[in-house]
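Quick note on labels: first sequence line is chain A, next is B, and so on, each numbered from 1. Hydrogens, waters and symmetry mates play no part in the numbers below; they use all other heavy atoms, side chains included.
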Protein chains: 2
Amino acid sequence: MSGQKIRNMEEFAAASGISRPTVSKYFNDPDSVRDSTRVRIEAALDQYDYRPNIYAVNQNRRLTKNIGIVVPFLSDPFFAEIARKLETLVIEAGFRPVVLGSHGGTEQENDNLETLRSLKPAGVLLAPLGRASDKSAVETFCRHVPTVLFDSNIEDIGEAFIGSDNISFVDQTVEYLCRTGEPPSFFEMRTPANPNANKRRLAYLAAMERAGHAPDVISVEGEGWGFEEIGRRGTHDAFDAGSLTSRSILCSNDRLAIGLLAACYERGLKVGRAEGSDLRVASHDDHPFSRFTCPSLTTAAHDYDAVAEQAVKTLFELIEGGRPLNDRKELLYPARLVLRDSA
Amino acid sequence: MSGQKIRNMEEFAAASGISRPTVSKYFNDPDSVRDSTRVRIEAALDQYDYRPNIYAVNQNRRLTKNIGIVVPFLSDPFFAEIARKLETLVIEAGFRPVVLGSHGGTEQENDNLETLRSLKPAGVLLAPLGRASDKSAVETFCRHVPTVLFDSNIEDIGEAFIGSDNISFVDQTVEYLCRTGEPPSFFEMRTPANPNANKRRLAYLAAMERAGHAPDVISVEGEGWGFEEIGRRGTHDAFDAGSLTSRSILCSNDRLAIGLLAACYERGLKVGRAEGSDLRVASHDDHPFSRFTCPSLTTAAHDYDAVAEQAVKTLFELIEGGRPLNDRKELLYPARLVLRDSA
DNA sequence: CAAATTTCTTTACGCGCGTAAATTTCTGTC
DNA sequence: GACAGAAATTTACGCGCGTAAAGAAATTTG
C-alpha cells in the first residue's frame, strides 16, 4: 500500500501499464487475461490499493453480483444462523450477500423486497413470513427476480422451495415418544404465523392415527413472534383450565417449548425422562438455545447445512440457466432426532 | 400503477410533464420544489411506479445516504435486537441502513469495514469485536468514514463512543446481592472477547472492597463466542474442582449465566431466592432469553433505547457538522436492575 | 401593475465503468 | 521464420443521474 491516490480505473490502468478495458476484463474475471498481465495487475493492485467503484460497475451490468437473503426475523437465532450459512455460501460463489430481516412485519417484508429490486440482484433467497406475507407482492417480486424460497413455502410462488420435511420431524418425535412412554399431546399456537406449524399439526394427527392413539391438540392463543412468552402464558392457562393433563407433550417448535419449560418450572413441575418426572417434553427445530434449557430439550433438528447448500445451489442453477425452471422444484430434507433430557 | 414502462428519469420527467433536473431536485428533497410541481410529480409517481436507479444516484453523490451498522455477532439476539433498533432510527432519519455481522471473526470484521468503504457510507455505527478487533484496521477506517462506536469501546478510535456504564451495572447487582444475602462471587471468562467484561470484573472488585467484603473471582476457560457452553462447562469444572462454593454468584453476562443455570440444573441444584434454594445467581445484560431461563434471571438491563438513540443522534450531528468532533465524546448509560427469580 | 424574487426549463458536461469493433501485438506451432 | 490464433490496445459510445449556468416563466412584493 503506497504510491499516490488512484481515483479511477483509468488511473489505475495507467499506473499498472495496462489498458483500461483489459483491467476491466480482469476485474470481471481474473482468469480471462493472460497470466503475465494478471501478475502485473496484481502487483499494481497491492501497490496502490484500488478497487472499482461498485456503483459505476453495477450501473452498467444488467444483473449485479448481489444476492438478496431475506428472513422473517433476524433476532431469532434460528434465522440468524441460517442466514449466516447462506451468506457464507454466497460469498464463496463470488457474489455479494445482502441480508435483510423483516422483523415479523408484512410492511417490512414488502419494503425489503422493494429495496432488493432497486439493488437489481442476480437472485434472492427468501424465507417469507408465511401467513403474514403479502402474497401478491411476493408473487410480483418473484416474476421479476429469480427467487428461491426456503424454510416456509408459499404455493406456486418462486422458482423453487427448499425446506425441511415437517412430516419427517413429527413422525420421528411422535414415534419416539410413543415407543418410550405415553403418546404425546400436541402443543401449538392456534393461529401460527408460519405455515410449517399447520403441516406439523396435520402430521401429528396422521401419526397418532396410524399408531392407533387418540390425538390431543392444545392450541394456545397469542399473536406475533414472541413465541416463548406465548408458550409460557399458554401453558399456565392450559394448566389452569385443566386442559393440559397429558404427561407427554410435543411442542410445535422449540421456542414455544422454551416457554412451556419455563412455565413448568414456575409451577414446580419436573420435566424429563428420568424417574420421578411429572412430564416429558419434546419439540422441533433444534433451536440454538435448546441445549441450554432446563432440562435440555429433546427435539428434531433441521438439516441446516443441506437446506442452505441446496437453496444456494438451486438459485445459481437458476441464474446460470438464465430462464425460469420449467417446473417448480420442491425439495424437503428430513429431520434428525436429537435426544436430550426433556423426553 | 399503470401506463408503460419507465426506463429512466428522462422518461419519467417527460411523462409527468416536468423537466428532468427538477425531478432530480424533487428526489433529493421533495420540499425543494414548488407545491404544485410536487403534486404533479407525485401523481405521476403512483401512475408509473418509477424510482431512481440507486447506482447512478450514488455514483454522482460524494457521500451516499447509506449508514453502516456493524455488530460482532448477529446470531446473538442481544446484538440482533440493538441492530434492529438502530436500523429503525436510521430509516426514520431518511437514510438506508446496511447491517453487517462479523460472526465473531477479525477477518470478517475487516471485510465488513472494507465492504462499507466501497459503499461510501455517510457514516457508520460500529460495535467492534473488542479484543479480537484489528485495531489499526479499525482506526484507518475511522479516519476515512465518520464512525460512532457503541457497545464496546476502543480507546481513542472513532468520533464517539456510546455505551453502557458497566460500573453502574455491577454496582447495582452487587449492592442488591449483598443487601439481600451472602456477598457474591464473580463468574467470568478468563479471556473475554469483549472489553466490557474486564470493566465488570474491576467494578466487582471495587464494589466488594467498598462494601468491606472479600472478593472471589471464578474465571473459566474457553475461547470464542459460545458463551452458554463455556459457562456450562466451566460451572461443572468449577464445582468438580471445588472452587465454586459460594451460595451467591454474579455472572459477567447473561449468556454465561444461561450456561451456569443449565449446569446447576444438571447437577440438581436449586437456584433462586426462595427458601430452600442452594444458590442465587444474578447477571448483566438482560438478554432477550433471560426471562425464560429456569429460574428466570435477575439481571441488569441495558438502556437499549437510549444507547441506540444517542448513537444515531451523535452520528447525524457528526455528518451534518461535516467535520470531526473536536474532542471524542464518551457517553455511558446506567443499568436498570431487573429482579426475577434467580436471585 | 411593474419590479423583484423564486422556480422551472434548457442545455450541457461529467461521474466511473461496461463493452463493442477494429487494430495491433503477442503467443505457440510447424 | 512465417503464420494462425489468442490476447491486448485503441477508440468510442452509452448507462442514469447530479449539477452547473443561463434564460424563461411563474410567483410574490410593494
Side-chain angles (χ1 to χ4, degrees), chain A residues 4-45 48-66 94-96 117-122, chain B residues 4-45 48-66 94-96 117-122:
Chain A
Q4 87 264 18
K5 276 277 159 60
I6 298 285
R7 314 186 65 85
N8 53 36
M9 195 181 279
E10 188 90 46
E11 289 187 19
F12 175 75
S16 62
I18 309 280
S19 74
R20 190 181 66 75
T22 303
V23 170
S24 171
K25 264 194 90 179
Y26 167 85
F27 279 111
N28 283 311
D29 178 9
D31 291 328
S32 67
V33 302
R34 204 188 295 145
D35 286 24
S36 58
T37 5
R38 182 169 50 255
V39 168
R40 291 169 63 192
I41 292 178
E42 281 163 0
L45 209 46
Y48 321 84
D49 80 316
Y50 157 81
R51 38 210 68 229
N53 178 306
I54 72 164
Y55 298 112
V57 170
N58 285 330
Q59 178 171 21
N60 295 312
R61 262 208 256 275
R62 259 197 41 254
L63 103 176
T64 68
K65 287 277 195 177
N66 296 327
F95 285 70
R96 258 182 32 86
R117 279 193 63 178
S118 75
L119 291 178
K120 302 186 192 310
Chain B
Q4 87 264 18
K5 277 277 159 62
I6 298 286
R7 315 184 66 86
N8 54 37
M9 196 181 279
E10 188 90 46
E11 289 186 18
F12 176 76
S16 62
I18 309 279
S19 74
R20 190 181 67 75
T22 302
V23 171
S24 172
K25 264 193 88 179
Y26 167 83
F27 279 110
N28 283 311
D29 178 7
D31 291 328
S32 68
V33 303
R34 202 190 296 145
D35 286 24
S36 59
T37 5
R38 182 169 52 254
V39 168
R40 291 168 65 193
I41 292 178
E42 282 165 359
L45 209 47
Y48 316 87
D49 79 319
Y50 157 81
R51 36 211 69 228
N53 179 306
I54 72 164
Y55 299 112
V57 170
N58 284 331
Q59 179 171 19
N60 294 313
R61 264 207 256 274
R62 267 201 34 258
L63 105 173
T64 69
K65 287 276 195 175
N66 297 327
F95 285 70
R96 262 184 28 88
R117 278 192 63 178
S118 75
L119 291 178
K120 304 186 191 310

Considering only distance and modelled atom types, tabulate donor-acceptor pairs under 3.5 Å from the side chains of residues 20-27 of chain B, sequence neighbours left out.
from: B:T22; atom 1: OG1; to: B:S19; atom 2: OG; distance (Å): 3.0
from: B:K25; atom 1: NZ; to: B:S32; atom 2: O; distance (Å): 3.4
from: B:Y26; atom 1: OH; to: B:E42; atom 2: OE2; distance (Å): 2.8

Does B:D35 have any salt bridge (charged side-chain N to carboxylate O under 4.0 Å, His left out) partners at least two apart in sequence or in another chain, and if so, which?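 Only B:R38 meet the salt bridge (charged side-chain N to carboxylate O under 4.0 Å, His left out) criterion with B:D35.
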
Which residues satisfy the salt bridge (charged side-chain N to carboxylate O under 4.0 Å, His left out) test with B:R51, sequence neighbours excluded?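 Partners of B:R51 under the salt bridge (charged side-chain N to carboxylate O under 4.0 Å, His left out) test: A:E114.
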
Under the rule for side-chain hydrogen bond (donor to acceptor under 3.5 Å, both in side chains), what residues qualify as partners of B:E10, not counting sequence neighbours?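 Listed in chain order: nothing, the list is empty.
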
I'd like to check the side-chain hydrogen bond (donor to acceptor under 3.5 Å, both in side chains) partners of A:T64; sequence neighbours left out, ordered by chain and number.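 A:T64 satisfies side-chain hydrogen bond (donor to acceptor under 3.5 Å, both in side chains) with A:N66 only.
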
Once you round it to whole Å, what is the distance between C1' of D:dC15 and NZ of A:K120?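 These atoms are roughly 11 Å apart.
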
Taking protein heavy atoms under 4.0 Å as touching, what does nucleotides 16-27 of chain D look like 5' to 3' if B marks base contact, S marks sugar-phosphate-only contact and - marks none? BBBB------S-

Is A:S19 near enough to D:dT10 that one of its side-chain N or O atoms lies under 4.0 angstrom from OP1 or OP2?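 Looking at the OP1 and OP2 atoms of D:dT10, neither is under 4.0 Å from any side-chain N or O of A:S19.
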
